[in-house]
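Here's the structure, in structure tokens; my notes come after.
Just follow the structure's listing: the first ligand is 1, and inside any ligand the first atom is 1.
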Amino acid sequence: MKVIDECCCECITQNLNRTKASCPVCNNEGVTVSRITVEHLVTDDYRNAVDGDQYKICMNEDCDVIYYNLDKEIKFLKDQVRVPIWFKKDADPKYACYCSKVTEDQVI
Ligand SMILES: [Zn+2]
């Protein structure tokens, strides 16, 4: 990740702080998740790529990024995780309509 270094004032720190927490793609502020969570949810192909101790999760439904670690410059996209992520726009419809379309009678 490119670090801005030509500035000499506080904006460096502010910029770094924001960069640390925000999604590298959409700049939405991420929610912290542990590495274990990420290891469990990425597909087998990507498990070995999980590095670093702490990840952020991007909650922006329009964004393809699910997990990211800015220190390691790692990000996992929607198609790199095993399960549809419920808050992402085009998650599997089975999950999306789970509660609204299926009545209790049908379930029983
Ligand atoms: Zn994002």
Side-chain angles (χ1 to χ4, degrees):
M1 185 149 300
K2 192 171 186 293
V3 177
I4 299 162
D5 57 11
E6 51 266 348
C7 177
C8 58
C9 62
E10 292 159 29
C11 68
I12 294 177
T13 2
Q14 279 170 10
N15 198 298
L16 281 181
N17 283 343
R18 192 168 61 234
T19 308
K20 283 270 184 225
S22 301
C23 173
V25 172
C26 68
N27 226 27
N28 202 44
E29 194 177 332
V31 176
T32 304
V33 293
S34 72
R35 173 190 176 141
I36 312 284
T37 309
V38 179
E39 280 179 335
H40 281 150
L41 289 177
V42 295
T43 60
D44 292 340
D45 290 345
Y46 293 98
R47 181 144 331 124
N48 289 337
V50 179
D51 196 6
D53 293 327
Q54 206 163 68
Y55 279 78
K56 296 276 187 179
I57 186 167
C58 175
M59 302 286 284
N60 180 356
E61 64 172 18
D62 291 322
C63 180
D64 282 341
V65 173
I66 308 287
Y67 301 113
Y68 56 94
N69 179 314
L70 295 169
D71 293 333
K72 302 285 182 184
E73 296 186 29
I74 300 171
K75 55 182 188 287
F76 295 107
L77 306 179
K78 274 190 288 204
D79 56 1
Q80 293 172 333
V81 295
R82 297 160 168 281
V83 294
I85 303 296
W86 55 269
F87 54 83
K88 297 292 185 183
K89 223 171 203 171
D90 50 358
D92 192 315
K94 269 184 294 188
Y95 287 74
C97 63
Y98 214 52
C99 49
S100 55
K101 298 238 173 98
V102 182
T103 66
E104 272 185 27
D105 284 344
Q106 283 175 314
V107 171
I108 296 165

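- Looking at every heavy atom in both residues, Val65 comes nearest to Cys58 through O-CB, 3.6 Å.
- When all heavy atoms are compared, the tightest approach of Ile74 to Tyr55 is CD1-OH, 3.5 Å.
- The shortest heavy-atom contact between Pro24 and Lys75 is CG-CD, 4.0 Å.
- Atoms CG and OH, from Leu41 and Tyr67 in turn, are 4.0 Å apart once rounded to the nearest 0.5 Å.
- Other residues, nucleotides and ligands contribute over 12 non-hydrogen atoms within 6.0 Å of the CG atom of Asp79.
- When each of Asp51, Asp44, Asp45 is checked for a salt bridge (Lys or Arg N to Asp or Glu O under 4.0 Å) with Arg47, only Asp44 meets the rule.
- Only protein N, O or S atoms were considered, and those under 2.8 Å from the Zn ion (ligand 1) are Cys23 SG, Cys26 SG, Cys58 SG, Cys63 SG.
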